[in-house]
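One-based numbering, in listed order, for ligands and for the atoms of each.
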Amino acid sequence: MIADYYISSPGRADHTDIAPLFPAGTQAVAESLNIISAWPGYKFTSLLNLSGAAKHIGVAEVYYKQEAERFGLNSFKALGGAYAVCRVLMQAIASKTGTFPPVSDILEGKYKNITEQIVVCCATDGNHGRSVAWGAQKLGCRSVIYIHETVSENRGKAIAAFGAEVIRTKGNYDDAVRYAGQQAEQNGWTVVSDTSYEGYTEIPGWIMQGYGVIAAETIEQLNGIRPTHVFLQAGVGGFAAAILSYLADYYGAEAPHVIITEPSEAACILKSARAGHYESVTGELDTIMAGLACGEPSGIALPELLAGSSAFVAITDESVKEAMRGLARGYNGDAPITVGESGVAGFATLLTIMAEQSEAAEKLRQALTLGPDSRVLLIGTEGDTDPDLYRHIISGADHG
Ligand SMILES: Cc1ncc(COP(=O)(O)O)c(C=O)c1O
């Protein structure tokens, strides 16, 4: 169900009092792609053409970028956290030796004496921490990852499997972010956070440049076909802002409509869009969309999202479950897709807007000219990152 929505006027530079910065434009992403494509195991993730889903929904095309394939980590996140760990280490090595080392030298352990002195830490609701831990293990430094109260045991174990020290903290994600910052300061560690706050922008900027690789690959795979709409799920907004910046830079005036989607319990970007400035949401942020359960937007992501998005939609957990089950079955002969609760949110929003008989859905369809001619791009940002929860939802055991 559409729990809340906000449609912004097209172009909208006039709407907000904060200006966009273009953190993941084509040039910045060329740099991250250059480094990431040198990692062992790098390859494009699949771009699926879900013709059965398109027919079911009532649009011309549904393109689905399958990020569950990314580096065997079951989510897109390695492009951000692990990439930022890589940049942190490159910078540390350069400051000691005077030259930026190639990634291959770090991976081979040539700078072990420097890297093993470095500790990276972060707060996570699962996927980001897994990516930082994976990067740290591969590149030879230590990682300490903070998980908050409601992060599942399975997600904690998956992070520890990459050699990280996993520590559970009190409160929600945003509290864990603050705690990680304090611990880093006390211990001389480096915070590798996917969200930016005052005075902390460089590392989250790298993370967004890493995410931009998804957009660069997608444009190549689309081979000249221009999507008309892109639905992007947002937690702190870094992922969505990265894709949006790249598409806006690449397509210019021809850029597709961007629709930002969030859980109804944690719709801080929607709230900010409506206000025209930074707003946060507090409380338990209780949703099955664990990766999107963030109440405080990333400072460098928000300006992009406010300036470049056409609509902001908050959806319920029920819509997400329905979309997961639909993709698991496969629509009209499409191959089944395993997608997690946060990863499916964009698809779930498209499905809901097109199917729901409500004033909100009707207004969104009209404002976005979403219909039979639309070519929609979705990014399935994760697979079954919590397999027990996934099975539970798919089996319908919760009757949701
Ligand atoms: C699967 C998945 N999709 C999307 C996001 C949203 O990313 P961001 O927090 O940068 O908005 C996350 C964040 O953890 C995630 O885990």
Side-chain angles (χ1 to χ4, degrees), residues 23-24 45 64-70 73-81 83-84 122-132 145 147-148 150-152 155 158-159 172-174 176-177 192-197 203-212 214-215 230-245 258 260-263 266-270 272 281 285 287-302 304-305 309 312 315 320 323-324 338-349 378-386 389-390:
T45 55
Y64 182 97
K65 181 83 167 147
Q66 180 45 296
E67 284 300 310
E69 294 169 4
R70 189 68 71 182
L73 283 183
N74 221 1
S75 94
F76 75 108
K77 282 276 180 174
L79 294 173
Y83 172 64
C122 70
T124 186
D125 30 40
N127 293 331
H128 176 65
R130 201 182 301 200
S131 157
V132 168
I145 313 290
I147 55 174
H148 58 88
T150 60
V151 175
S152 72
R155 290 201 162 104
I159 297 167
N172 65 18
Y173 172 75
D174 305 301
V177 169
V192 176
S193 171
D194 57 357
T195 193
S196 82
Y197 35 88
I203 289 176
W206 287 337
I207 290 177
M208 287 172 63
Q209 286 161 22
Y211 294 161
I214 299 171
V230 185
F231 285 73
L232 298 169
Q233 44 272 26
V236 299
F239 159 73
I243 306 299
L244 184 155
S245 307
V258 170
I260 302 299
T261 180
E262 293 172 283
C268 57
I269 314 270
L270 191 162
S272 301
V281 171
L285 313 177
T287 165
I288 57 166
M289 293 171 253
L292 312 184
C294 311
E296 297 178 19
S298 168
I300 55 169
L302 189 66
E304 310 304 309
L305 300 176
S309 310
F312 303 81
I315 56 163
V320 155
M324 286 169 71
T338 301
V339 57
E341 309 79 57
S342 300
V344 81
F347 181 86
T349 304
L378 301 155
I379 301 170
T381 44
E382 68 178 344
D384 54 344
T385 46
D386 186 337
L389 180 58
Y390 180 80

* With backbone taken as N, CA, C and O and side chain as the heavy atoms from C-beta onward, which portion of L292 lies under 4.0 Å from ligand 1: side chain, backbone, both, or neither? -> side chain
* **Note, D194 side chain near S298 side chain (heavy atom, < 4.5 Å)** => no
* Kindly indicate, with the supporting measurements, whether the criterion salt bridge (Lys or Arg N to Asp or Glu O under 4.0 Å) is fulfilled by E341 and R155. => CA-CA 13 Å; E341 309 79 57; R155 290 201 162 104; 3.2 Å; yes
* Considering only protein heavy atoms, which is closest to atom 10 (O) of ligand 1, and at what distance to one decimal place? -> F239 N, 2.9 Å
* Does H128 approach ligand 1 within less than 4.0 angstrom via side chain, backbone, both or neither, non-hydrogen atoms only? -> neither
* Check whether the ring centres of F347 and F231 lie less than 6.0 Å apart, and answer yes or no. => no
* Roughly how far, to the nearest 0.5 Å, is OG of S75 from CD of E69? -> 12.5 Å
* Shortest protein heavy-atom distance from atom 3 (N) of ligand 1, along with the residue and atom involved -> T381 OG1, 2.8 Å
* Asked: Looking at ligand 1, does any of its N/O atoms fall within less than 3.5 Å of an N/O of F76?
  -> no
* Q233 side-chain N/O to E262 backbone N/O, donor-acceptor pair under 3.5 Å -> no
* Is there at least one pair of N or O atoms, one from A240 and one from ligand 1, spaced under 3.5 Å apart? -> no
* To do: Ignoring hydrogens, just give me the one of G235, A241, A242 whose non-hydrogen atom is nearest atom 11 (O) of ligand 1.
  => G235
* Asked: Has the side chain of R130 got a donor or acceptor atom that lies under 3.5 Å from a matching backbone atom of T385?
  -> yes
* Structure fact -> G238 heavy atoms within 4.0 Å reach ligand 1 at atoms 8 (P), 10 (O), 11 (O)
* Asked: Is there a donor-acceptor pair under 3.5 Å between the side chain of S131 and the backbone N or O of K77?
  -> yes
* Asked: What residue and atom, counting heavy atoms only, is the protein's closest point to atom 9 (O) of ligand 1, and at what distance?
  -> V236 N, 3.0 Å
* Name the orientation class of the two ring planes belonging to Y211 and F239 (parallel below 30°, tilted from 30 to 60°, perpendicular beyond 60°). => perpendicular
* Asked: Taking only heavy atoms of S342, which atoms of ligand 1 are found under 4.0 Å from at least one of them?
  -> 1 (C), 2 (C)
* Asked: So, is G343 polar-close to ligand 1, with some N/O to N/O distance under 3.5 Å?
  -> no
* Asked: Of the backbone atoms (N, CA, C, O) and the side-chain heavy atoms from C-beta on, which set of D125 has a member under 4.0 Å from an atom of ligand 1: side chain, backbone, both, or neither?
  -> side chain
* Asked: Would you say A234 touches ligand 1, if touching means a heavy atom closer than 4.0 Å?
  -> yes
* Asked: Can you tell me which residue and heavy atom of the protein come closest to atom 16 (O) of ligand 1, and the distance to 0.1 Å?
  -> N127 ND2, 2.7 Å
* Just need the protein heavy atom nearest to atom 12 (C) of ligand 1, so name the residue and atom and give the distance. => G291 O, 3.6 Å
* Asked: Does the S196 side chain pair with the main chain of I300, one donor and one acceptor, at a distance under 3.5 Å?
  -> yes
* **D386 and S152: side chain donor to acceptor below 3.5 Å** => yes
* Quick one: does K77 get within less than 4.0 Å of ligand 1, heavy atoms only? -> yes
